[in-house]
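One structure is given here, and the rest of the page talks about it.
Proteins come first, then strands; the chains are lettered A, B, ... in the order of their sequence lines, and each starts at number 1.
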There are 2 protein chains.
Amino acid sequence: MATAELAVTISDAEWRVMRIVWTLKETDSRTIIDLLEQQHDWKPATIKTLIGRLVKKGALATTKQGRQFIYTPLIPEQAAMDTALTNEISQMCAMHRGTAIAHVLEDTEMSRADVQNLIDVLAKKLPTAPESVHCDCLPDGCEGSCAE
Amino acid sequence: MATAELAVTISDAEWRVMRIVWTLKETDSRTIIDLLEQQHDWKPATIKTLIGRLVKKGALATTKQGRQFIYTPLIPEQAAMDTALTNEISQMCAMHRGTAIAHVLEDTEMSRADVQNLIDVLAKKLPTAPESVHCDCLPDGCEGSCAE
DNA sequence: AGGTTACGTTTACAGTTGTAAACTCAAGTC
DNA sequence: GACTTGAGTTTACAACTGTAAACGTAACCT
(Lines give C-alpha, C1' and ligand atoms only; values in the text may rest on other atoms or scores of the structure.)
Protein backbone atom coordinates (compact mmCIF):
# COMPACT_ATOMS: atom_id res chain seq x y z
CA MET A 1 0.00 0.00 0.00
CA ALA A 2 2.67 2.46 -1.02
CA THR A 3 3.36 5.59 0.99
CA ALA A 4 -0.25 6.46 1.73
CA GLU A 5 -1.06 7.71 5.22
CA LEU A 6 -1.92 11.19 4.01
CA ALA A 7 -4.65 11.01 6.59
CA VAL A 8 -2.20 11.95 9.34
CA THR A 9 -3.30 15.06 11.19
CA ILE A 10 -0.57 17.50 12.11
CA SER A 11 -1.29 20.07 14.79
CA ASP A 12 -0.06 23.65 14.67
CA ALA A 13 2.87 23.09 16.97
CA GLU A 14 3.80 19.87 15.24
CA TRP A 15 3.73 21.71 11.95
CA ARG A 16 6.73 23.75 13.09
CA VAL A 17 8.71 20.58 13.63
CA MET A 18 7.72 19.14 10.29
CA ARG A 19 8.83 22.29 8.49
CA ILE A 20 12.31 21.86 9.91
CA VAL A 21 12.50 18.25 8.84
CA TRP A 22 10.99 18.90 5.45
CA THR A 23 13.52 21.61 4.82
CA LEU A 24 16.54 19.67 6.00
CA LYS A 25 15.26 16.40 4.51
CA GLU A 26 16.77 14.54 7.42
CA THR A 27 18.14 15.54 10.80
CA ASP A 28 18.66 14.52 14.36
CA SER A 29 16.71 15.79 17.35
CA ARG A 30 19.59 17.98 18.48
CA THR A 31 19.33 20.06 15.35
CA ILE A 32 15.56 20.27 15.53
CA ILE A 33 15.68 21.35 19.16
CA ASP A 34 18.36 23.95 18.56
CA LEU A 35 16.53 25.48 15.63
CA LEU A 36 13.13 25.56 17.30
CA GLU A 37 14.49 27.00 20.51
CA GLN A 38 15.63 29.94 18.42
CA GLN A 39 12.24 30.47 16.82
CA HIS A 40 10.01 29.88 19.82
CA ASP A 41 9.96 29.96 23.57
CA TRP A 42 9.78 26.21 23.66
CA LYS A 43 11.72 24.17 26.15
CA PRO A 44 13.66 21.22 24.77
CA ALA A 45 11.24 18.91 26.53
CA THR A 46 8.35 20.38 24.60
CA ILE A 47 10.08 19.83 21.31
CA LYS A 48 10.94 16.27 22.26
CA THR A 49 7.28 15.62 22.95
CA LEU A 50 6.29 16.98 19.56
CA ILE A 51 8.90 14.85 17.80
CA GLY A 52 7.70 11.80 19.69
CA ARG A 53 4.10 12.41 18.73
CA LEU A 54 4.98 12.90 15.10
CA VAL A 55 6.82 9.59 15.06
CA LYS A 56 3.90 7.84 16.70
CA LYS A 57 1.50 9.43 14.23
CA GLY A 58 3.58 8.19 11.35
CA ALA A 59 4.59 11.60 10.09
CA LEU A 60 8.28 11.08 10.78
CA ALA A 61 10.45 8.02 10.23
CA THR A 62 13.39 7.16 12.42
CA THR A 63 16.63 5.49 11.53
CA LYS A 64 18.87 4.42 14.35
CA GLN A 65 22.26 5.97 13.90
CA GLY A 66 24.57 5.08 16.78
CA ARG A 67 23.06 6.34 20.04
CA GLN A 68 20.48 8.54 18.38
CA PHE A 69 17.96 8.75 15.58
CA ILE A 70 17.84 10.39 12.23
CA TYR A 71 14.40 11.73 11.42
CA THR A 72 12.96 11.92 7.95
CA PRO A 73 9.49 12.98 6.74
CA LEU A 74 7.06 10.19 5.95
CA ILE A 75 4.56 12.51 4.36
CA PRO A 76 5.45 14.98 1.63
CA GLU A 77 5.29 18.66 2.49
CA GLN A 78 3.29 19.74 -0.51
CA ALA A 79 0.71 17.03 0.04
CA ALA A 80 0.34 18.06 3.67
CA MET A 81 -0.08 21.68 2.66
CA ASP A 82 -2.62 20.88 -0.01
CA THR A 83 -4.64 18.70 2.33
CA ALA A 84 -4.65 21.23 5.13
CA LEU A 85 -5.70 24.09 2.88
CA THR A 86 -8.31 22.05 1.06
CA ASN A 87 -9.85 20.89 4.31
CA GLU A 88 -10.04 24.42 5.59
CA ILE A 89 -11.65 25.72 2.42
CA SER A 90 -14.06 22.79 2.17
CA GLN A 91 -15.66 23.61 5.43
CA MET A 92 -16.63 27.09 4.27
CA CYS A 93 -19.67 28.24 2.33
CA ALA A 94 -19.11 27.33 -1.31
CA MET A 95 -20.55 30.61 -2.43
CA HIS A 96 -18.07 32.70 -0.47
CA ARG A 97 -14.90 30.72 -1.04
CA GLY A 98 -13.86 32.80 -4.00
CA THR A 99 -13.92 35.99 -2.00
CA ALA A 100 -11.99 34.44 0.86
CA ILE A 101 -9.31 33.23 -1.50
CA ALA A 102 -9.15 36.67 -3.07
CA HIS A 103 -8.46 38.21 0.32
CA VAL A 104 -5.79 35.67 1.10
CA LEU A 105 -4.13 36.25 -2.24
CA GLU A 106 -4.01 39.96 -1.57
CA ASP A 107 -2.18 39.37 1.69
CA THR A 108 0.14 36.59 0.59
CA GLU A 109 3.51 37.43 -0.84
CA MET A 110 4.39 35.22 -3.78
CA SER A 111 7.05 35.16 -6.42
CA ARG A 112 6.26 36.49 -9.85
CA ALA A 113 6.42 32.96 -11.21
CA ASP A 114 3.86 31.77 -8.67
CA VAL A 115 1.55 34.66 -9.43
CA GLN A 116 1.85 33.97 -13.13
CA ASN A 117 1.19 30.29 -12.54
CA LEU A 118 -1.96 31.09 -10.60
CA ILE A 119 -3.14 33.33 -13.39
CA ASP A 120 -2.60 30.50 -15.84
CA VAL A 121 -4.49 28.04 -13.67
CA LEU A 122 -7.37 30.46 -13.38
CA ALA A 123 -7.37 31.32 -17.05
CA LYS A 124 -7.79 27.65 -17.78
CA LYS A 125 -10.71 27.45 -15.37
CA LEU A 126 -12.48 30.52 -16.66
CA PRO A 127 -14.12 28.94 -19.72
CA THR A 128 -15.67 26.10 -17.77
CA ALA A 129 -16.47 28.01 -14.62
CA PRO A 130 -20.18 27.93 -13.77
CA GLU A 131 -22.19 31.09 -13.96
CA SER A 132 -22.72 30.91 -10.23
CA VAL A 133 -22.02 28.67 -7.28
CA HIS A 134 -24.72 28.41 -4.67
CA CYS A 135 -24.54 28.57 -0.93
CA ASP A 136 -24.35 25.05 0.52
CA CYS A 137 -24.75 25.95 4.16
CA LEU A 138 -28.23 24.54 4.50
CA PRO A 139 -29.23 20.91 3.87
CA ASP A 140 -30.01 19.97 0.30
CA GLY A 141 -33.30 21.40 -0.69
CA CYS A 142 -33.18 24.41 1.57
CA GLU A 143 -32.24 27.27 -0.68
CA GLY A 144 -29.36 29.07 0.92
CA SER A 145 -30.49 32.59 0.32
CA CYS A 146 -27.08 33.98 1.07
CA ALA A 147 -27.68 36.63 -1.53
CA GLU A 148 -27.19 40.28 -0.68
CA MET B 1 -15.25 49.06 21.75
CA ALA B 2 -17.07 48.36 18.53
CA THR B 3 -17.62 44.90 17.13
CA ALA B 4 -14.07 43.61 17.53
CA GLU B 5 -13.64 40.12 18.93
CA LEU B 6 -12.36 38.71 15.65
CA ALA B 7 -9.99 36.72 17.82
CA VAL B 8 -12.71 34.18 18.54
CA THR B 9 -11.67 30.67 17.55
CA ILE B 10 -14.34 28.54 15.93
CA SER B 11 -13.81 24.78 15.82
CA ASP B 12 -14.79 22.59 12.88
CA ALA B 13 -18.05 21.39 14.41
CA GLU B 14 -18.92 24.88 15.58
CA TRP B 15 -18.29 26.12 12.08
CA ARG B 16 -21.28 24.11 10.87
CA VAL B 17 -23.52 25.90 13.33
CA MET B 18 -22.18 29.30 12.37
CA ARG B 19 -22.84 28.64 8.70
CA ILE B 20 -26.49 28.06 9.46
CA VAL B 21 -26.78 31.25 11.45
CA TRP B 22 -24.77 33.27 8.96
CA THR B 23 -27.02 32.10 6.18
CA LEU B 24 -30.29 32.68 7.98
CA LYS B 25 -29.04 35.88 9.63
CA GLU B 26 -31.08 35.01 12.71
CA THR B 27 -32.81 31.88 13.96
CA ASP B 28 -33.87 29.91 16.95
CA SER B 29 -32.25 26.74 18.21
CA ARG B 30 -35.12 24.61 16.93
CA THR B 31 -34.29 25.56 13.36
CA ILE B 32 -30.57 25.07 13.85
CA ILE B 33 -31.10 21.65 15.37
CA ASP B 34 -33.51 20.54 12.66
CA LEU B 35 -31.20 21.63 9.87
CA LEU B 36 -28.06 20.12 11.36
CA GLU B 37 -29.74 16.83 12.18
CA GLN B 38 -30.39 16.53 8.47
CA GLN B 39 -26.78 17.19 7.48
CA HIS B 40 -25.02 15.21 10.19
CA ASP B 41 -25.46 12.35 12.57
CA TRP B 42 -25.55 14.72 15.48
CA LYS B 43 -27.94 14.30 18.34
CA PRO B 44 -29.87 17.41 19.38
CA ALA B 45 -27.87 17.46 22.60
CA THR B 46 -24.65 17.79 20.64
CA ILE B 47 -25.95 20.71 18.68
CA LYS B 48 -27.17 22.40 21.85
CA THR B 49 -23.69 22.09 23.27
CA LEU B 50 -22.16 23.69 20.21
CA ILE B 51 -24.64 26.56 20.29
CA GLY B 52 -23.91 27.09 23.97
CA ARG B 53 -20.18 27.20 23.38
CA LEU B 54 -20.54 29.66 20.55
CA VAL B 55 -22.58 31.95 22.76
CA LYS B 56 -20.02 31.71 25.53
CA LYS B 57 -17.22 32.38 23.06
CA GLY B 58 -18.97 35.48 21.85
CA ALA B 59 -19.56 34.23 18.32
CA LEU B 60 -23.35 34.29 18.66
CA ALA B 61 -25.62 36.85 20.28
CA THR B 62 -28.90 35.93 21.94
CA THR B 63 -32.11 37.89 22.16
CA LYS B 64 -34.77 36.59 24.48
CA GLN B 65 -37.99 36.07 22.60
CA GLY B 66 -40.67 34.59 24.77
CA ARG B 67 -39.55 31.22 26.12
CA GLN B 68 -36.62 30.90 23.77
CA PHE B 69 -33.75 32.77 22.17
CA ILE B 70 -33.07 34.20 18.78
CA TYR B 71 -29.45 33.74 17.73
CA THR B 72 -27.54 36.12 15.53
CA PRO B 73 -23.88 36.12 14.45
CA LEU B 74 -21.55 38.42 16.35
CA ILE B 75 -18.70 37.94 13.94
CA PRO B 76 -19.03 38.40 10.19
CA GLU B 77 -18.74 35.33 8.03
CA GLN B 78 -16.28 36.72 5.54
CA ALA B 79 -13.98 37.95 8.29
CA ALA B 80 -14.04 34.53 9.93
CA MET B 81 -13.25 32.87 6.62
CA ASP B 82 -10.42 35.24 5.84
CA THR B 83 -8.89 34.81 9.27
CA ALA B 84 -9.11 31.04 9.20
CA LEU B 85 -7.57 30.77 5.76
CA THR B 86 -4.87 33.31 6.46
CA ASN B 87 -3.88 31.55 9.65
CA GLU B 88 -3.64 28.25 7.87
CA ILE B 89 -1.53 29.66 5.07
CA SER B 90 0.71 31.61 7.42
CA GLN B 91 1.90 28.53 9.14
CA MET B 92 3.24 27.05 5.93
CA CYS B 93 6.56 27.54 4.21
CA ALA B 94 6.46 30.90 2.46
CA MET B 95 8.23 29.47 -0.54
CA HIS B 96 5.63 26.78 -1.15
CA ARG B 97 2.46 28.73 -0.48
CA GLY B 98 1.98 29.62 -4.09
CA THR B 99 1.95 26.01 -5.19
CA ALA B 100 -0.44 25.03 -2.44
CA ILE B 101 -2.84 27.76 -3.43
CA ALA B 102 -2.58 26.66 -7.04
CA HIS B 103 -3.62 23.17 -6.09
CA VAL B 104 -6.53 24.42 -4.06
CA LEU B 105 -7.68 26.64 -6.89
CA GLU B 106 -7.64 23.70 -9.23
CA ASP B 107 -9.94 21.76 -6.92
CA THR B 108 -12.25 24.57 -5.89
CA GLU B 109 -15.33 25.28 -7.91
CA MET B 110 -15.95 28.99 -8.29
CA SER B 111 -18.23 31.16 -10.33
CA ARG B 112 -16.88 32.78 -13.45
CA ALA B 113 -17.09 36.15 -11.73
CA ASP B 114 -14.97 34.89 -8.84
CA VAL B 115 -12.39 33.41 -11.16
CA GLN B 116 -12.22 36.64 -13.09
CA ASN B 117 -11.89 38.60 -9.89
CA LEU B 118 -8.99 36.44 -8.77
CA ILE B 119 -7.29 36.95 -12.11
CA ASP B 120 -7.67 40.68 -11.67
CA VAL B 121 -6.26 40.57 -8.16
CA LEU B 122 -3.30 38.58 -9.38
CA ALA B 123 -2.73 40.75 -12.42
CA LYS B 124 -2.46 43.70 -10.08
CA LYS B 125 0.10 41.85 -7.96
CA LEU B 126 2.21 40.68 -10.84
CA PRO B 127 4.16 43.91 -11.43
CA THR B 128 5.26 44.24 -7.84
CA ALA B 129 5.72 40.56 -7.10
CA PRO B 130 9.27 39.76 -5.98
CA GLU B 131 11.48 37.66 -8.18
CA SER B 132 11.47 34.97 -5.54
CA VAL B 133 10.24 34.29 -2.04
CA HIS B 134 12.52 32.33 0.23
CA CYS B 135 11.84 29.45 2.51
CA ASP B 136 11.25 30.68 6.05
CA CYS B 137 11.18 27.34 7.80
CA LEU B 138 14.50 27.78 9.55
CA PRO B 139 15.39 30.58 12.00
CA ASP B 140 16.63 33.82 10.47
CA GLY B 141 20.10 33.37 9.22
CA CYS B 142 19.82 29.71 8.40
CA GLU B 143 19.38 29.54 4.70
CA GLY B 144 16.39 27.37 3.99
CA SER B 145 17.76 25.45 1.08
CA CYS B 146 14.36 24.17 0.13
CA ALA B 147 15.38 24.23 -3.49
CA GLU B 148 14.58 21.31 -5.69
C1' DA C 1 35.24 1.20 35.42
C1' DG C 2 32.67 5.13 37.11
C1' DG C 3 30.68 9.42 36.13
C1' DT C 4 28.58 12.44 32.83
C1' DT C 5 25.78 13.44 28.80
C1' DA C 6 22.20 13.51 26.36
C1' DC C 7 18.58 10.99 23.61
C1' DG C 8 14.34 9.00 23.67
C1' DT C 9 10.42 7.61 26.76
C1' DT C 10 7.08 8.15 30.44
C1' DT C 11 4.24 10.85 33.08
C1' DA C 12 1.66 15.23 33.98
C1' DC C 13 -1.74 18.45 33.56
C1' DA C 14 -4.86 21.98 31.94
C1' DG C 15 -7.61 23.57 27.99
C1' DT C 16 -10.20 22.52 23.70
C1' DT C 17 -13.07 19.63 20.96
C1' DG C 18 -16.49 16.03 19.63
C1' DT C 19 -20.16 13.83 21.36
C1' DA C 20 -24.07 13.37 24.30
C1' DA C 21 -27.11 12.39 28.48
C1' DA C 22 -29.40 14.47 32.36
C1' DC C 23 -31.58 18.16 34.55
C1' DT C 24 -34.12 22.61 35.45
C1' DC C 25 -37.82 25.41 34.66
C1' DA C 26 -40.86 28.32 32.34
C1' DA C 27 -44.51 28.12 28.83
C1' DG C 28 -48.36 25.90 26.81
C1' DT C 29 -52.20 22.46 27.28
C1' DC C 30 -56.40 20.28 29.08
C1' DG D 1 -54.05 24.11 38.42
C1' DA D 2 -51.45 19.68 37.13
C1' DC D 3 -49.07 17.83 33.32
C1' DT D 4 -46.31 17.93 29.39
C1' DT D 5 -43.00 19.81 26.47
C1' DG D 6 -39.14 21.81 25.05
C1' DA D 7 -35.30 25.43 25.41
C1' DG D 8 -31.31 26.28 27.67
C1' DT D 9 -27.86 24.69 31.30
C1' DT D 10 -24.96 21.31 33.73
C1' DT D 11 -22.34 17.48 33.82
C1' DA D 12 -19.60 13.78 31.49
C1' DC D 13 -15.92 11.86 29.29
C1' DA D 14 -12.42 10.51 25.98
C1' DA D 15 -9.10 12.25 22.52
C1' DC D 16 -6.09 15.73 21.06
C1' DT D 17 -3.02 19.82 22.08
C1' DG D 18 0.31 22.80 24.18
C1' DT D 19 3.56 22.76 27.45
C1' DA D 20 6.98 20.56 30.21
C1' DA D 21 9.41 17.85 34.05
C1' DA D 22 11.32 13.45 35.28
C1' DC D 23 13.40 9.23 34.23
C1' DG D 24 16.01 5.21 32.15
C1' DT D 25 19.83 4.04 29.76
C1' DA D 26 23.23 3.60 26.32
C1' DA D 27 27.39 6.06 24.74
C1' DC D 28 31.45 8.80 25.81
C1' DC D 29 35.16 10.50 28.44
C1' DT D 30 38.89 10.07 31.70
Side-chain angles (χ1 to χ4, degrees), chain A residues 5 7-21 24 26-72 74 80 83-84 87-88 91, chain B residues 7-21 24 26-72 80 83-84 87-88 91:
Chain A
E5 244 56 63
V8 183
T9 303
I10 298 167
S11 77
D12 286 1
E14 287 162 2
W15 199 272
R16 306 305 306 203
V17 176
M18 289 306 292
R19 285 177 63 181
I20 299 282
V21 185
L24 300 179
E26 62 170 58
T27 5
D28 49 40
S29 65
R30 185 92 300 277
T31 307
I32 298 176
I33 291 172
D34 287 347
L35 293 176
L36 284 178
E37 269 191 291
Q38 281 181 248
Q39 311 184 234
H40 304 279
D41 280 323
W42 291 344
K43 299 285 176 301
T46 302
I47 303 168
K48 287 186 194 179
T49 299
L50 295 173
I51 294 176
R53 288 181 184 166
L54 285 167
V55 171
K56 188 193 300 186
K57 283 185 181 181
L60 289 181
T62 55
T63 311
K64 194 108 199 173
Q65 196 236 274
R67 68 289 180 187
Q68 52 181 117
F69 285 140
I70 296 295
Y71 297 93
T72 45
L74 273 179
T83 301
N87 285 345
E88 193 70 34
Q91 111 181 303
Chain B
V8 183
T9 302
I10 298 167
S11 77
D12 286 1
E14 288 162 1
W15 199 271
R16 307 304 305 203
V17 176
M18 289 305 294
R19 285 177 62 180
I20 299 281
V21 186
L24 300 179
E26 62 170 58
T27 4
D28 49 40
S29 66
R30 185 91 301 277
T31 307
I32 299 176
I33 291 172
D34 287 347
L35 293 176
L36 285 178
E37 269 192 292
Q38 281 181 248
Q39 311 184 235
H40 305 279
D41 281 321
W42 292 344
K43 299 285 174 301
T46 302
I47 302 168
K48 286 186 193 180
T49 300
L50 295 174
I51 294 176
R53 287 180 184 167
L54 285 168
V55 172
K56 187 192 301 186
K57 282 184 180 182
L60 290 180
T62 55
T63 312
K64 193 109 200 173
Q65 198 236 279
R67 67 286 180 191
Q68 51 182 119
F69 285 140
I70 296 295
Y71 297 93
T72 44
T83 301
N87 285 345
E88 192 70 34
Q91 111 181 303

Report task. Using only side-chain N and O atoms of Thr9(A), determine if any of them is under 4.0 Å from OP1 or OP2 of dC16(D). Result -> no

Report task. Quick one: label Asp12(B) by what it contacts on the DNA or RNA (base, sugar-phosphate, nothing), any heavy atom closer than 4.0 Å. Result -> sugar-phosphate

Report task. Using heavy atoms to find the nearest nucleotide of DNA chain D for Gln68(B) and Ala45(A) separately, return the residue whose nucleotide is more 5′. Result -> Gln68(B)

Query raised in the report: Minimum heavy-atom separation for Leu36(A) to Trp42(A), with atom names?
Result: CD1-CZ3, 4.0 Å

Query raised in the report: Within less than 4.0 Å of OP1 or OP2 of dA7(D), is there a side-chain N or O belonging to Arg30(B)?
Result: yes

Report summary line: In whole angstroms, the gap separating C1' of dT19(D) from CD of Glu14(A) amounts to 13 Å

Query raised in the report: Roughly how many Å is it from NZ in Lys64(A) to C1' in dA27(D), rounded to a whole number?
Result: 11 Å

Requested in this report: Starting at atom CD of Gln65(B), determine the distance to atom P of dA7(D), rounded to an integer number of angstrom.
Outcome: 12 Å

Report summary line: Comparing nearest nucleotides in DNA chain C, the 5'-proximal residue of the pair Ile10(B), Lys48(B) is Ile10(B)

Requested in this report: Would you mind reporting whether Val17(A) and Arg53(A) have side-chain heavy atoms less than 4.5 Å apart?
Outcome: no

Query raised in the report: Do the ring planes of Tyr71(A) and Phe69(A) sit parallel (below 30°), tilted (30 to 60°) or perpendicular (above 60°)?
Result: perpendicular

Query - Nearest-angstrom distance from the residue atom CZ of Phe69(A) to C1' of dT25(D) - result: 13 Å

Report task. Measure from CD on Glu37(A) to P on dT19(D) and round the result to the nearest Å. Result -> 14 Å

Query - Whether Arg16(A) side chain and Ile47(A) backbone form a donor-acceptor pair below 3.5 Å - result: no

**Report entry** Interatomic distance, Ile51(B) CD1 vs dT9(D) C1' [rounded to whole Å]
**Finding:** 13 Å

Query raised in the report: Just checking Thr46(B): base, sugar-phosphate only, or nothing, at a heavy-atom cut-off of under 4.0 Å?
Result: base

Query - Ile33(A) CD1 to Leu50(A) CG distance, which is reported to the nearest 0.5 Å - result: 10.0 Å

Query raised in the report: Do Leu24(B) and Leu35(B) have side chains that get closer than 4.5 Å, going by heavy atoms?
Result: yes

Query raised in the report: Rounded to whole angstroms, how far apart are CG on Leu50(A) and C1' on dT19(D)?
Result: 9 Å

Report summary line: The first and last nucleotides of DNA chain C lying within contact of chain B, meaning any atom under 4.0 Å from one of its heavy atoms, run from dT17(C) to dA27(C)

Query raised in the report: With a 4.5 Å limit on heavy-atom distance, are the side chains of Leu60(B) and Met18(B) in contact?
Result: yes

